[in-house]
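Have a look at the structure below, then the notes.
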Number of protein chains: 2
Amino acid sequence: MNFSVSEENYIKSIYHLQQQTATVTTNSLANELRTKPASVTDMLKKLQTKQLVEYEKYRGFKLNATGNKIALGIVRRHRLWEFFLVNKLGFEWDKVHAIAEELEHVSSMELIKKLDAFLNFPQTDPHGDPIPDTNGKITVIKQLSLADIAVKKNVVVSSVSNQSPEMLEMLKHYHIGIGTSLKVNKHFTFDGSVEIKVVQQNPCVISEQVAKNIFVHHD
Amino acid sequence: MNFSVSEENYIKSIYHLQQQTATVTTNSLANELRTKPASVTDMLKKLQTKQLVEYEKYRGFKLNATGNKIALGIVRRHRLWEFFLVNKLGFEWDKVHAIAEELEHVSSMELIKKLDAFLNFPQTDPHGDPIPDTNGKITVIKQLSLADIAVKKNVVVSSVSNQSPEMLEMLKHYHIGIGTSLKVNKHFTFDGSVEIKVVQQNPCVISEQVAKNIFVHHD
DNA sequence: CATTTTTTTTAGATTTACCTAAATTTAAAT
DNA sequence: ATTTAAATTTAGGTAAATCTAAAAAAAATG
């Protein structure tokens, strides 16, 4: 089956919201899509008749198996394009989201297959998020945010969950990117801020808000 | 100003039809876009209020200077993407048109600028058609079709005007591509067919219809 | 637990890009 | 120069995706 750009955006947003809460509300989706709740209700009826969501009036909704697979296809396209934009065209990683948002809707199977090969079958996008495979299988790596990491452990940054230009500009300032090695010196219980030591950099303090968005794994 | 995908498609099609006839008719545009004449009239009123076309009721229309510049921007994007698809992703040149048709509407200046640099500033697309520069300047190369070439002159294929899969499949069979050297052995006046000799191939006869679509320049 | 607040849905409009069918204008043909 | 044919436009309508305002349902609160 074929989907409109609008339908694909709804499916993708439901998918992303489900990473936080198993069932998604009308308001939260309207907020995510910068649209109005009434519009969400309209579209959800449509997605329901197309058998992509489980939806009960006033009770929220979630993608069913079919919807999930379609969402993963969109996510795959988005992340492959982001990889292309950063690693081939030389974009900064805080500038690619909006462009990938357009490219992801280009609907050729063959294109994505060849793009994947051209990029050498990357496993993660420039923010460290895993790229689903052709069958919609996604390798979720268990990861902890810097807010939850014990002091003195050497860790490697594996992904950054907030991809806003503001956040990514700040990371650049701290010399933090995917693959950066660092350790936590201290957790300040007063405000949750964290002192970290990035290799070859002076120690610095980051706010709790920042720490919660930086995910790491042990090396 | 910003244009919808539909508006862009109309602008691009008017541009292409103007290569043949200075002024374009409602029917020919409807035919090109596989839509109905009434829809063309609707859209043309819109393009007129947006000051992109000169349009007089019942008299046909053409792009004005602004419209032309926008058309050349779209053509530029289309041809850069075609170059990318063939020379980077390894598509056959008869498979790229439909995909480039989608990619051309992705609306980031920065994307096209960086894509152009990544491709090393190509001058022509895979069919030999020139790629307009950033300012909408296009270098039109004076070229003759095989139907108009004198016998025994060595020529090089510079472009192919019909990009249908059927045509391009046939060219592959004759071992003809952009840059191929060949000469005309004979013009048959009976049906306009042409015997040609492609280097390292046996002589063969192509129909007038094919000959008229293959453009060459002297080497 | 009744009531206020919040969330969600319905009802009815709007915009864009189409369409069909009928009317109008232009072009062609006898 | 009429008449016929073809091309174009108008009129009115549809589907997709929005919206606002009002109604209905669920959740929160005193």
Side-chain angles (χ1 to χ4, degrees), chain A residues 1-14 17-18 20-63 67 70-71 74 101-102 104-105 107, chain B residues 1-15 17-18 20-63 67 70-71 74 101-102 104-107:
Chain A
M1 202 185 259
N2 223 16
F3 301 101
S4 71
V5 169
S6 193
E7 287 169 337
E8 288 194 349
N9 283 333
Y10 273 86
I11 294 165
K12 190 182 55 160
S13 291
I14 297 171
L17 289 172
Q18 278 191 228
Q20 313 283 147
T21 54
T23 167
V24 178
T25 67
T26 302
N27 264 0
S28 64
L29 184 52
N31 185 59
E32 176 88 0
L33 287 164
R34 293 151 161 280
T35 184
K36 295 291 178 291
S39 307
V40 170
T41 303
D42 283 350
M43 180 59 90
L44 257 108
K45 283 182 194 161
K46 202 173 154 198
L47 296 180
Q48 189 181 30
T49 61
K50 290 200 175 188
Q51 314 234 48
L52 302 173
V53 292
E54 283 170 37
Y55 168 47
E56 231 183 323
K57 265 192 183 180
Y58 296 103
R59 290 277 118 130
F61 39 84
K62 57 175 133 179
L63 296 172
I70 289 157
I74 303 166
E101 204 111 280
E102 291 192 63
E104 75 192 8
H105 301 294
S107 63
Chain B
M1 203 186 255
N2 224 16
F3 302 102
S4 72
V5 170
S6 195
E7 287 168 337
E8 287 194 348
N9 283 332
Y10 274 85
I11 294 165
K12 190 183 54 161
S13 290
I14 298 170
Y15 173 85
L17 290 171
Q18 278 190 227
Q20 312 282 148
T21 55
T23 166
V24 178
T25 68
T26 303
N27 263 358
S28 65
L29 185 52
N31 185 58
E32 176 89 0
L33 287 164
R34 294 151 161 279
T35 182
K36 294 293 178 292
S39 307
V40 171
T41 302
D42 282 352
M43 180 59 92
L44 256 107
K45 283 182 193 162
K46 202 172 155 198
L47 295 180
Q48 191 181 29
T49 60
K50 290 198 174 190
Q51 313 235 48
L52 300 174
V53 292
E54 284 170 36
Y55 169 47
E56 231 182 323
K57 265 192 182 180
Y58 296 103
R59 289 277 119 127
F61 40 83
K62 57 174 131 180
L63 295 172
I70 288 157
I74 302 166
E101 204 110 281
E102 290 192 63
E104 74 192 9
H105 301 295
V106 175
S107 63

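Within every chain, numbering begins at 1; the chains are lettered A, B, ... in the order of the sequence lines, protein sequences first and strands thereafter.
- Between the side chain of B/Gln48 and the main chain of B/Tyr55, a donor-acceptor pair closer than 3.5 Å is present.
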Please determine whether side chain to side chain contact (heavy atoms under 4.5 Å, CB included) holds for the pair A/Phe61 and A/Thr26, giving the CA-CA distance in whole Å, both sets of side-chain angles, and the decisive distance to 0.1 Å. CA-CA 8 Å; A/Phe61 39 84; A/Thr26 302; 3.8 Å; yes

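- For the pair A/His105/B/His105, no side-chain contact is recorded, criterion being any heavy-atom separation below 4.5 Å from C-beta on.
- In this structure, the CE atom of A/Met43 is 16 Å from the P atom of C/dT10, given to the nearest Å.
- As a whole-Å value, the separation of B/Lys57 NZ from C/dT26 C1' is 14 Å.
- Of the candidates B/Ile70, B/Leu63, B/Ile74, B/Val24, B/Tyr15 forms a side-chain contact (heavy atoms from CB on, under 4.5 Å) with just one, namely B/Leu63.
- Heavy-atom distances under 4.0 Å link DNA chain D to no residue of residues 4-12 of chain B.
- In this model, the phosphate group of C/dT9 is approached by a side-chain N or O of A/Thr41 to a distance below 4.0 Å at OP1 or OP2.
- Atoms OG1 and CG, from A/Thr23 and A/Leu17 in turn, are 10.5 Å apart once rounded to the nearest 0.5 Å.
- As a whole-Å value, the separation of A/Tyr58 OH from D/dA25 P is 6 Å.
- The distance between atom CZ of B/Phe3 and atom P of C/dT16, rounded to the nearest whole Å, is 14 Å.
- Taking atom CG on A/Asp42 and atom P on C/dG12, their separation rounds to 14 Å, with Å as the unit.
- Computed from coordinates, the B/Glu56 CD to C/dT26 C1' distance equals 13 Å when rounded to whole Å.
- With rounding to whole Å, B/Arg59 atom CZ is found 7 Å from C/dT26 atom C1'.
- A/Lys36 places none of its side-chain heavy atoms less than 4.5 Å from the side chain of A/Asp42.
- The side-chain hydrogen bond (donor to acceptor under 3.5 Å, both in side chains) test applied to A/Lys50 returns A/Glu7, not counting sequence neighbours.
- With hydrogens and angles disregarded, no donor-acceptor distance shorter than 3.5 Å links the side chain of A/Gln18 to the backbone of A/Lys62.
- Residues of residues 22-37 of chain B having a heavy atom closer than 4.0 Å to DNA chain C, listed by number: B/Thr35, B/Lys36.
- Taken to the nearest 0.5 Å, the CG atom of A/Leu52 stands 14.0 Å off from the OH atom of A/Tyr10.
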